[in-house]
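Owing to the predicted nature of the structure, the values given are computational and were not obtained by experimental measurement. Throughout, a chain's letter reflects where its sequence line sits, starting with A, and its residues are numbered from 1.
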Amino acid sequence: MKRFVYADNAATTRISPQVLDAMMPWLTDGYGNASSIYRKGREARIAMEEARHKIERALGVPESRPDFPVEVYFTSGGSEADNWAIKGVAHLMAQQGKKHIITTVFEHHAVLHTCAALEKEGFDVTYLPVSDKGLIDPAQVEQAIRPDTALVSVMYANNEIGTIQPIPEIGAICKQHGVLFHTDAVQAVGNLPIQVAEQNIDLLSLSGHKLHAQKGIGVLYCRKGIKLPNLIDGGAQERGHRAGTENIAAIVGLGAAVEAACADIAGRAARLSAMRDRLIAAIGQIPRVHLNGDAVRRLPGNVNFSFEGVEGESLLLMLDALGICASSGSACTSGSLDPSHVLLGIGLPHEVAHGSLRLTFSDENTMEEIDYILDVLPGVIERLRAMSPLWERMSKA
Amino acid sequence: MLYSEKVMDHFTNPRNVGEIADANGVGEVGNAKCGDIMKIYLKIENGVIEDVKFKTFGCGAAIATSSMATEMVKGRTVDEALKLTNSAVVEALEGLPPVKIHCSVLAEQAIKAALADYYTRQGIDPTPFVGELADLDEEHLACAR
């Protein structure tokens with residue numbers, strides 16, 4: 001029987017049965033508009049505010065009350081949340097003459113391309129380099145802060161190589177210097193304990209489909225008191241800050257997903273890191289491979305290796321033929337001329353970055369699937385290397 | 001990225017993979033930085049390509065175009081092989097995604113580079129037959145997508 005192993009959970013996840021159950025009533029009879037005054041509308045609004053409260057509680061929003069959640073805004077996903085946070089703060093603080101933003105070279109494109117768009121408007125952006133393990137030193141942030149710095153945006157955990165940044169330390173520095181702090185936590189929520197108030201996070205982006213909710217729903221957390229200008233104008237939804245009739249089913253699903261994910265962070269970390277570490281130890285036995293990212297400060301479900309002499313797309317196609325879904329940072333899979341900016345950012349030469357493989361796991365994976373990956377992966381690498389003139393040259397050298 | 005069944009067939013079961021120990025024409029194009037290198041080995045006797053093998057580092061399309069190009073020149077005369085074009089390789093593969101067309105260009109150039117090497121080994125200047133190969137394996141070609 002043909003095997004199927006889904007090992008690309010950092011790309012997206014399957015909707016979990018409990019999330020789908022939570023959504024179903026709102027995809028069927030619960031079709032009311034949350035802005036309507038009659039019962040069907042009120043029921044939708046109550047369900048939405050419950051979901052908002054669940055998310056606020058999971059993120060450690062101190063003043064959240066079930067009847068009055070205040071700091072979470074629903075968006076179309078992580079990209080909208082990143083755009084809103086960064087453009088919003090930039091335009092808000094520009095009124096005070098602060099037009100400088102600090103971020104890192106290996107953020108998600110939703111952050112990097114937003115910053116690039118702001119540069120065209122005349123904002124000044126500092127892109128901090130990361131270490132060869134993919135880590136930022138909080139001191140780098142402190143040194144980059146200027147009197148006109150409006151915002152620091154550093155991702156909580158990297159989507160490709162899984163490195164976890166020292167977010168509480170960066171938050172403390174930003175607070176001390178009176179600079180707003182945003183973090184793209186799309187890969188971190190449910191994997192790491194996030195407490196926005198304690199960790200001095202002013203703005204945070206998250207996305208539903210990375211944690212078993214559906215695609216097209218996300219959240220921007222924005223600390224009360226920050227008068228963020230709107231990104232999407234129109235109706236009075238989201239307390240007048242984000243127009244558009246709310247997708248109640250997606251919102252309720254997201255509330256259920258975040259609640260479930262954050263209720264079992266330690267258990268999930270233990271299960272996933274056991275799978276991760278088994279893969280890392282075994283793949284590390286293959287000659288001339290490199291683990292990308294830090295071995296310790298790493299998301300529990302992230303494995304990322306480069307295989308010298310092998311190109312990523314052909315590796316993915318061969319794994320696909322064996323029923324394994326994975327991803328790569330090669331140029332061929334990134335759809336651009338260059339391999340992944342994250343892999344180049346940690347200093348990999350192009351030819352090594354082309355040979356990268358990312359395997360990412362969730363609650364739905366099993367140790368038996370890890371065994372299957374380990375059964376077939378060395379043979380695939382060997383086969384590709386046997387036909388690689390680059391490998392031939394390397395092994396002779 | 002959608003590959004035709006023909007491309008997937010040549011990727012999954014590539015024809016003529018390997019090396020020829022006593023090859024009398026060897027050509028290599030592409031570079032590691034761009035993510036694709038093709039190396040072609042030819043065994044030519046009496047003006048006919050008796051055997052051909054390839055080794056490729058690259059994406060699915062790079063492997064499939066190498067495989068197809070070797071099939072298209074095997075058993076052909078040198079003159080026929082010189083007429084191989086990248087578009088003929090694309091056609092034989094039932095199409096390639098636009099961003100992968102450069103792989104077929106590389107395959108054509110790899111065959112030509114091997115033929116040029118064959119001429120050179122015979123003490124014949126390959127330029128009148130193969131054209132200028134000087135810039136074929138430069139970065140801009142391999143990375144031109």
**Q** Taking every heavy-atom pair that is under 4.5 Å apart, which of Val17(B), Thr12(B), Thr56(B) has the most such pairs with chain A?
**A**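 Highest number of heavy-atom pairs under 4.5 Å: Thr56(B).
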**Q** Determine whether more than 12 heavy atoms belonging to other residues, nucleotides or ligands lie under 6.0 Å from atom NZ of Lys6(B).
**A** no
**Q** Short question: side chain of Thr13(A), backbone of His212(A) - any donor-acceptor pair under 3.5 Å?
**A** yes
**Q** Taking the side chain from Asn46(B) and the backbone from Val48(B), do they hold a donor-acceptor pair closer than 3.5 Å?
**A** no
**Q** What part of Val352(A) gets within 4.5 angstrom of chain B, counting heavy atoms only: side chain, backbone, both, or neither?
**A** neither
**Q** Tell me, for Ala61(B) versus chain A, whether the close heavy atoms (under 4.5 Å) come from the side chain, the backbone, both or neither.
**A**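 Only the backbone of Ala61(B) comes within 4.5 Å of chain A.
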**Q** Considering only heavy atoms, which portion of Ile37(B) lies under 4.5 Å from any heavy atom of chain A: side chain, backbone, both, or neither?
**A**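 Both parts, heavy atoms under 4.5 Å.
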**Q** Centroid separation under 6.0 Å, is that true for the rings of Tyr41(B) and Phe54(B)?
**A**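 No - the distance between ring centres of Phe54(B) and Tyr41(B) does not fall below the 6.0 Å cut-off.
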**Q** If you count heavy-atom pairs under 4.5 Å between each of Ser388(A), Pro389(A), Ala386(A) and chain B, which one has the most?
**A**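 Most heavy-atom pairs within the cutoff with chain B belong to Pro389(A).
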**Q** Quick one: salt bridge (Lys or Arg N to Asp or Glu O under 4.0 Å) pairs with a partner in residues 8-23 of chain B, sequence neighbours left out?
**A**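 Non-adjacent pairs meeting salt bridge (Lys or Arg N to Asp or Glu O under 4.0 Å): Asp9(B)-Arg15(B), Arg15(B)-Glu71(B), Glu19(B)-Lys55(B), Asp22(B)-Lys43(B).
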**Q** Are Arg14(A) and Glu364(A) within salt-bridge range, i.e. N to O under 4.0 Å?
**A** yes
**Q** Give, as side chain, backbone, both or neither, the part of Ala353(A) having an atom under 4.5 angstrom from any heavy atom of chain B.
**A** neither
**Q** Between Asp79(B) and Lys83(B), does at least one N-O distance fall below 4.0 Å, as a salt bridge requires?
**A**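 Salt bridge flag = no for Lys83(B) with Asp79(B).
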**Q** For chain B, which of Glu351(A), Arg383(A), Glu392(A) has the most heavy-atom pairs under 4.5 Å?
**A**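 It is Glu392(A).
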**Q** Give me the contact list for residues 107-118 of chain A versus chain B, heavy atoms only, anything under 4.5 Å, ordered by residue number.
**A**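 The list, in residue order, is empty: none.
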**Q** Can you name the residues that form a side-chain hydrogen bond (donor to acceptor under 3.5 Å, both in side chains) with Thr366(A), not counting sequence neighbours?
**A**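 Thr366(A): no side-chain hydrogen bond (donor to acceptor under 3.5 Å, both in side chains) contacts found.
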**Q** Under 4.5 Å from any heavy atom of chain A, what part of Ser66(B) do you find: side chain, backbone, both or neither?
**A**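 Neither part; nothing is under 4.5 Å.
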**Q** What part of Arg385(A) gets within 4.5 angstrom of chain B, counting heavy atoms only: side chain, backbone, both, or neither?
**A**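 Neither part.
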**Q** Would you call Arg76(B) and Glu50(B) a salt bridge, taking side-chain N to carboxylate O under 4.0 Å as the test?
**A**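 Glu50(B) and Arg76(B): not salt-bridged.
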**Q** For Tyr127(A), enumerate each residue passing the ring pair (Phe, Tyr, Trp, His ring centres under 6.0 Å) test, keeping only those at least two apart in sequence or located in another chain.
**A** none
